[in-house]
Protein chains: 2
Amino acid sequence: MARTVAFDQDQAIEKALDVFWRKGYNGTSMRDLTDAMQINSSSLYNTLGDKHQLFVQCIKHYTRKRRILLEERAKVFDSPQKALESFIHDVADVVVKDAQGCFAIKTAFEVSPDNKGIQALLKDDNDFTHTFLSKLIREAVEQGVMKKDTDPDLLADYIISTYTGWYELYILHKDPAKIKQLAAFMVYHLLR
Amino acid sequence: MARTVAFDQDQAIEKALDVFWRKGYNGTSMRDLTDAMQINSSSLYNTLGDKHQLFVQCIKHYTRKRRILLEERAKVFDSPQKALESFIHDVADVVVKDAQGCFAIKTAFEVSPDNKGIQALLKDDNDFTHTFLSKLIREAVEQGVMKKDTDPDLLADYIISTYTGWYELYILHKDPAKIKQLAAFMVYHLLR
DNA sequence: TGAATTTTGAAATGATTGTTTCAGAATTAT
DNA sequence: ATAATTCTGAAACAATCATTTCAAAATTCA
């Protein structure tokens, strides 16, 4: 029998994700990747595939991680509007925490317009968040804590598109207080 | 005396901008540029400089064009809240019109985090829009058509960050109706 | 027209790109 | 231990990258 693969693939993908995140797909060279992952290019091609396949796996890794995090958080709250509020403030925290912006958003602008495969992955990720939010909104409406004429699907899209802009604003202004203000403003205006 | 430069620089920059817009900074090769601009690389380097300098000029060209457009539009309207409404619906139109997204936003995510010079250019562009919007909001408040406790600076940031997200949403879903709905929702919620 | 000067085209630069090759080291079950 | 198999490291691959070189063509004013 033969030997088995030596390195931890999940760990390697996380290293690769970190590089793609910082430099973008086109800004990342295979050398950047092998340096960060600490494996030889032959090993990389034998196990995880070429640059594009590796990138796809990074996206899947990133979106899966976020999905799990979201599902766990949902369990903590007993009331839907508390969960919504918390979600929005959490996003604001994440925005100001990593200066690079969201990997999914960066990729949406850089790669996705010309690549239907990657676009589909990001759309799925987006749809998951949309389902998550619209469900909470629907519950809040049913419980009478939000207005009866609220459109859950529309409001979910609205929330998602709003915090997407926070990432750009933070890259340009690097002002945490501004992001927190915007989050508070959104909560005040939409969820009461 | 010597001969004068043969090609129209402004026209060449517009061609270059088109390429950078579609492919991003790192995704664009000098060959892509010389092909599109229809000039030899030696001419390009002699007049407009290297890849980075050319990119800077493209950003300046893009932001200047937008600034002029914005200033012209402002004169047309007599009431501030009509100007605001029109601004928001115009943005929605632009979002669904070009499938590549906004050049400034793409660049903010791809290049700006590691490049302070380009970041400053984009920040200026952002600040201009912010000043434009907050001024309109301030006028609307003074005229009593918007609530007295409105914070013009905050609301301007809020509007900007919200429509930024529309670009991503449109890249992923390609649904014009959705964008129009979001614009209408924003007008309904914030400007009445 | 002719001398002066600049732009231009094509080729060449060395560096870097993504990917492949392959011999030898490493690991396994017998 | 041995034979079978797989992984690994370093080098090599052609292609493309951004940029430079330079002689020849083009344009100007006198």
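Proximity of A/S43 to the phosphate of D/dT8: a side-chain N or O atom is located under 4.0 Å from OP1 or OP2. Taking side-chain N and O atoms only, A/S29 has a distance below 4.0 Å to OP1 or OP2 of C/dT17. For D/dG9, neither phosphate oxygen OP1 nor OP2 lies less than 4.0 angstrom from any side-chain nitrogen or oxygen of A/S42.
When the C1' atom of D/dG9 is taken as reference, atom CE of A/M37 falls 16 Å away, rounded to whole Å. In this structure, A/Y45 atom OH and C/dT21 atom C1' are separated by 13 Å, rounded to whole Å. In this structure, A/Q9 places its CD atom 10 Å from P of D/dC7, rounding to the nearest Å. As a whole-Å value, the separation of A/L44 CG from C/dT19 P is 9 Å. At whole-Å resolution of the value, CG in A/L54 and P in C/dG18 are 11 Å apart. A/F55 places its CZ atom 17 Å from the C1' atom of C/dT17, with the value rounded to the nearest Å. For the pair A/M30 CE and D/dC17 C1', the computed distance is 17 Å after rounding to whole Å. Protein atom NZ of B/K51 is 12 Å distant from nucleotide atom P of C/dT17, rounded to whole Å.
No donor-acceptor pair under 3.5 Å is formed between the side chain of A/E168 and the backbone N or O of A/G165. Of the possible donor and acceptor atoms, none in the side chain of A/K180 sits under 3.5 Å from a partner among the backbone N and O of A/A92.
Nearest to the side-chain atoms of A/N40 among the listed nucleotides D/dG9, D/dA18, C/dA10 stands D/dG9. Of the listed nucleotides (C/dT17, D/dT20, D/dC17), C/dT17 has the atom at the smallest distance from the side chain of A/R31.
Comparing A/N46 and A/D32, the nucleotide of DNA chain C nearest to each residue sits closer to the 5' end for A/D32. Comparing B/I39 and A/N26, the nucleotide of DNA chain C nearest to each residue sits closer to the 5' end for B/I39.
Screening B/K65, B/R66, B/R64 for a salt bridge (charged side-chain N to carboxylate O under 4.0 Å, His left out) involving B/D125 leaves a single residue, B/R66.
Cluster annotation: A/L155 is not connected to A/F77 through the hydrophobic network of ILVMFWY side chains, with a link wherever side-chain heavy atoms come within less than 4.5 Å.
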Under 3.5 Å, which donor-acceptor pairs link side chains of residues 108-118 of chain A to any protein atom two or more places apart or in another chain?
unit_1 : atom_1 : unit_2 : atom_2 : d
A/E110 : OE1    : A/Y25  : N      : 3.0
A/E110 : OE2    : A/Y25  : N      : 3.4
A/E110 : OE2    : A/N26  : N      : 3.0
A/E110 : OE2    : A/N26  : ND2    : 3.2
A/S112 : OG     : A/Q119 : NE2    : 3.3
A/N115 : OD1    : A/G117 : N      : 3.2
A/N115 : OD1    : A/I118 : N      : 3.1
A/N115 : ND2    : A/H52  : NE2    : 3.1

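Residue A/T34 is classed as having no contact, given no heavy-atom separation below 4.0 Å to the nucleic acid.
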